[in-house]
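One structure is given below, encoded as structure tokens.
These values consider heavy atoms only, across backbone and side chains, with no hydrogens, waters or symmetry-generated copies. Order of appearance sets the numbers: ligands from 1, and atoms from 1 within every ligand.
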Amino acid sequence: MCGIVGIVGRSPVNQALYDALLVLQHRGQDAAGIVTCDEDGHLHLRKDNGLVRDVFTQQHMRSLTGNMGIGHVRYPTAGSSSSAEAQPFYVNSPHGITLGHNGNLTNAAELKRELFLQDRRHINTESDSEILLNILAQELIRQDGLSLTPEALFRAVSGVHRRCQGAYGVVAMFCGRGILGFRDPHGIRPVVYGRRETEEGTEYMVASESVALDTLGFELVRDLAPGEAIYIEMDGTVHLQQCADNPGLSPCIFEYVYFARPDSVMDDVVVHRARMRMGTRLGKKILREWPDHDIDVIIPIPDTGRTVAIEMAHELNVKYREGFIKNRYIGRTFIMPGQTQRRKSVRQKLNAIGLEFKGKNVLLVDDSIVRGTTSREIVMMAREAGARKVYFASAAPPVRYPNVYGIDMPAAQELIAHGRTEEEVCAAIAADRLIYQDLEDLMGAVRKGNPRLERFDCSVFTGEYVTQVSPDYLTHLEQRRNDLAKHKKDREYANLDLHNNA
Ligand SMILES: O=P(O)(O)OC[C@H]1O[C@H](OP(=O)(O)OP(=O)(O)O)[C@H](O)[C@@H]1O
Ligand SMILES: NC(=O)CC[C@H](N)C(=O)O
Ligand SMILES: [Mg+2]
């Protein structure tokens, strides 16, 4: 789940882009990049593997000149983890375009073939985002080629919508001209925009989450609608246009469960409130199905499990205690690239406070159980800390199917609930009882914040995808991106790069 940002400013934007990426770091920890465009129309790019704070030195920041730029933090779902696939990507024709993408294309292989045979375009990496950029470029050439009018740009985005399948939240910069943002026709991935007034004039930002706007003093204008595009010219003129034939909003429900920061507002739903409601509903389920429960204390799994746990404790009228202390210097474990690293990180990241567990029946609460890495370790840690009974609750239903829209869950076999009943998952994580949220309750908890949200992408729970996904693609994804295959590929592609500032 990558993070994207673009700013059309009135003064240098390098620091603002950096700060926005820091705030979006929870969406991608593998690589980061910024490209700016100066007043002479020159691009300045810095991207590499690593966290935002490690990728950009002072010297890099000084070289990122210009009042307009875009940035990206990456969590790979296609290709490899090579620094060559860090974003933004660049293509020189037409107009000099750079692009950052959040999401995943499910017809990338066909598009790559088409680009080569039909459009005579070479794709140098395995990244679907490089493909998306070249489709945009080609669709723009297909317009009348020379003039970069908003109309031509929007027609090009319509062309992207017709050709690309899957999910995409995109920010793209046109050298010396402006910044384009757009969202796929199902609005699976989020994109918002906002503005701030300065003495020099109005500045605009396009970003994955509203939290990036807040922290930089931009006011949220609104989310882009599914299929909609925004084009902000360098002089601050804003154009908006619906570019899809049949748009319909089906946002990814996992954004609300785990990905987004709680202080973001997504499609008019305050993520924090949605998580609170998940907790209330899960609490009600326990009261319904297990009225004579013997839970002594509710303990959250930090960080994301906290909001849910607090509301559950309230609903059940049971004590809430922070029994696990999180090492603030360790990042999110779920989005780490390999299982060994993920497992090791859970132990490094969380440590139990013995007295909160000793002799008690504890209910551990998390937002979700995906591979089971966290829950397995945590249940063990609770027992080691002296708990009498260890129960576990998940604010999301069992995750049983691969994600194809920008979350790296490619292989069903790696999901702990795949092919297992809830009782079997309970046994697999060695808990005494396991309570999962019902899907209806999860959707209800989010929809309460915005009744217009009729549909969600819930494919990881149901196996039903909101776009067409061929069985061949699912097989390909599983083979190419399971943990073992990824590890091998990362070594093979380690040095595949064309241009990059050191
Ligand atoms: O079943 P798993 O495969 O372990 O995945 C689920 C866990 O991963 C996430 O935590 P993460 O550490 O990534 O981030 P957080 O600190 O925001 O909770 C999520 O909040 C769950 O705790
Ligand atoms: N998580 C994402 O949004 C990934 C974007 C893109 N598919 C990549 O792998 O770089
Ligand atoms: Mg967690």
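- Contact annotation: for Thr304 versus ligand 1, heavy atoms closer than 4.0 Å belong to both the backbone and the side chain.
- Applying the 4.0 Å criterion to heavy atoms of Tyr75 picks out, from ligand 2, the atoms 1 (N), 2 (C), 4 (C).
- Closest to atom 4 (C) of ligand 2, if we only count protein heavy atoms, is Cys2 SG, 3.1 Å.
- Heavy atoms of Glu85 found under 4.0 angstrom from ligand 2: none, in either backbone or side chain.
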Can you give me every donor-acceptor pair (side chain of residues 303-315, partner residue at least two apart or in another chain, under 3.5 Å) with its distance?
{"residue": "Asp303", "atom": "OD1", "partner": "Arg306", "partner atom": "NH1", "Å": "2.7"}
{"residue": "Asp303", "atom": "OD2", "partner": "Lys326", "partner atom": "NZ", "Å": "2.8"}
{"residue": "Thr304", "atom": "OG1", "partner": "Arg332", "partner atom": "NH2", "Å": "3.2"}
{"residue": "Arg306", "atom": "NE", "partner": "Glu322", "partner atom": "OE1", "Å": "3.2"}
{"residue": "Arg306", "atom": "NE", "partner": "Glu322", "partner atom": "OE2", "Å": "2.9"}
{"residue": "Arg306", "atom": "NH2", "partner": "Glu322", "partner atom": "OE1", "Å": "3.4"}
{"residue": "Glu315", "atom": "OE2", "partner": "Lys284", "partner atom": "NZ", "Å": "3.2"}

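- Ranking the protein heavy atoms by distance from atom 6 (C) of ligand 1 puts Ser368 O, 3.6 Å first.
- Numbered from 1 in the order shown, with element, the atoms of ligand 1 that lie under 4.0 Å from a heavy atom of Ile369 read 1 (O).
- Checking only distances, Val370 does come within under 3.5 Å of ligand 1, N or O to N or O.
- Considering only non-hydrogen protein atoms, atom 13 (O) of ligand 1 sits nearest to Tyr258 OH, 2.6 Å.
- With hydrogens left out, the protein atom closest to atom 9 (O) of ligand 2 is Thr77 N, 2.9 Å, a heavy atom.
- Closest to atom 4 (O) of ligand 1 by heavy atom, among Thr374, Leu350, Ile429, is Thr374.
- Residue Lys349 places a heavy atom under 4.0 Å from ligand 1.
- Of the candidates Cys252, Pro251, Ser250, Val466 forms a side chain to side chain contact (heavy atoms under 4.5 Å, CB included) with just one, namely Ser250.
- Using modelled atom types, one side-chain atom of Asp128 and one backbone atom of Leu105 make a donor-acceptor pair closer than 3.5 Å.
- Within ligand 2, the atoms closer than 4.0 Å to a non-hydrogen atom of His101 are 5 (C), numbered from 1 in the order shown.
- Between Tyr168 and Val160 the shortest side-chain heavy-atom distance falls below 4.5 Å.
- Checked by distance only, ligand 2 and Ser127 stay at 3.5 Å or farther apart across all their nitrogen or oxygen atoms.
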*Test log, rule side chain to side chain donor-acceptor pair (under 3.5 Å), inputs Ser264 and Glu209*: CA-CA 6 Å; Ser264 279; Glu209 290 186 34; 2.7 Å; yes

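- If you number the atoms of ligand 2 from 1 as listed, the ones under 4.0 Å from a heavy atom of Pro76 come out as 9 (O).
- Nearest heavy atom pair, residue Ser129 against residue His101, reads OG-ND1, 2.8 Å.
- The shortest separation from a heavy atom of Ser375 to ligand 1 is not under 4.0 Å, leaving the residue out of contact.
- For Phe461 and Tyr436, the gap between ring centers reaches or exceeds 6.0 Å.
- For atom 10 (O) of ligand 2, the nearest non-hydrogen atom of the protein is Arg74 NE, 2.5 Å.
- Remark: minimum distance from atom 20 (O) of ligand 1 to any protein heavy atom is reached at Asp367 OD1, 2.4 Å.
- The minimum heavy-atom distance between Arg183 and Leu224, with the atom names listed, is NH1-O, 2.6 Å.
- In the model, Thr467 has a side-chain atom that pairs as donor or acceptor with a side-chain atom of Tyr405 under 3.5 Å.
- Considering backbone and side-chain atoms alike, Gly406 places an N or O below 3.5 Å from some N or O of ligand 2.
- Using a 4.5 Å heavy-atom cutoff, the side chains of Asn49 and Asp30 are not in contact.
- Near Asp303, with a cut-off below 4.0 Å to any heavy atom, the atoms of ligand 1 are 15 (P), 16 (O), 18 (O).
- The main-chain N or O of Val35 is never found under 3.5 Å from a side-chain atom of Arg46 such that the two would form a donor-acceptor pair.
- An N or O contact shorter than 3.5 Å is missing between Lys326 and ligand 1 by distance.
- Using modelled atom types, no side-chain atom of Thr98 and backbone atom of Phe89 make a donor-acceptor pair closer than 3.5 Å.
- Heavy atoms from both the backbone and the side chain of Thr373 come within less than 4.0 Å of ligand 1.
- Residue contacts with ligand 1: Ile301 is placed with no nitrogen or oxygen under 3.5 Å of a nitrogen or oxygen of the ligand (distance criterion only).
- Closest heavy-atom approach to atom 21 (C) of ligand 1 within the set Asp366, Ile378, Leu415: this belongs to Asp366.
- Any N or O atom pair closer than 3.5 Å counts here, and Phe334 shares at least one such pair with ligand 1.
- In terms of heavy-atom proximity, Gly419 sits nearest to Glu424 at O-OE1, 3.9 Å.
- A donor-acceptor contact shorter than 3.5 Å is absent between the side chain of Gln87 and the backbone of Ala32.
- If you number the atoms of ligand 2 from 1 as listed, the ones under 4.0 Å from a heavy atom of Ala78 come out as 9 (O).
- Rounding to the nearest 0.5 Å places CG of Leu415 at 10.5 Å from CZ of Arg400.
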query: Do Asp472 and Ser470 pass the side chain to side chain donor-acceptor pair (under 3.5 Å) test, and can you show the C-alpha distance, the side-chain angles, and the key distance before you say yes or no?
result: CA-CA 5 Å; Asp472 280 359; Ser470 70; 5.3 Å; no

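- Closest to atom 3 (O) of ligand 1, if we only count protein heavy atoms, is Arg371 N, 2.8 Å.
- For ligand 1 and Thr333, the ligand atoms under 4.0 Å from any heavy atom of the residue are 11 (P), 12 (O), 13 (O).
- Only the side chain of Gln87 comes within contact range of ligand 2, with a heavy atom under 4.0 Å; no backbone atom does.
- Those atoms of ligand 1 with a heavy atom of Gly372 less than 4.0 angstrom away are 1 (O), 2 (P), 3 (O).
- Under 4.0 Å from ligand 2, the heavy atoms of Asp128 that appear belong solely to its side chain.
- A salt bridge links Lys285 with Asp438: the distance from a Lys NZ or Arg NE/NH1/NH2 to an Asp or Glu carboxylate oxygen falls below 4.0 Å.
- Nearest to atom 5 (C) of ligand 2 among the protein's heavy atoms is Gly103 O, 3.2 Å.
- Looking only at distances, a side-chain donor or acceptor of Glu130 sits under 3.5 Å from a matching main-chain atom of Thr125.
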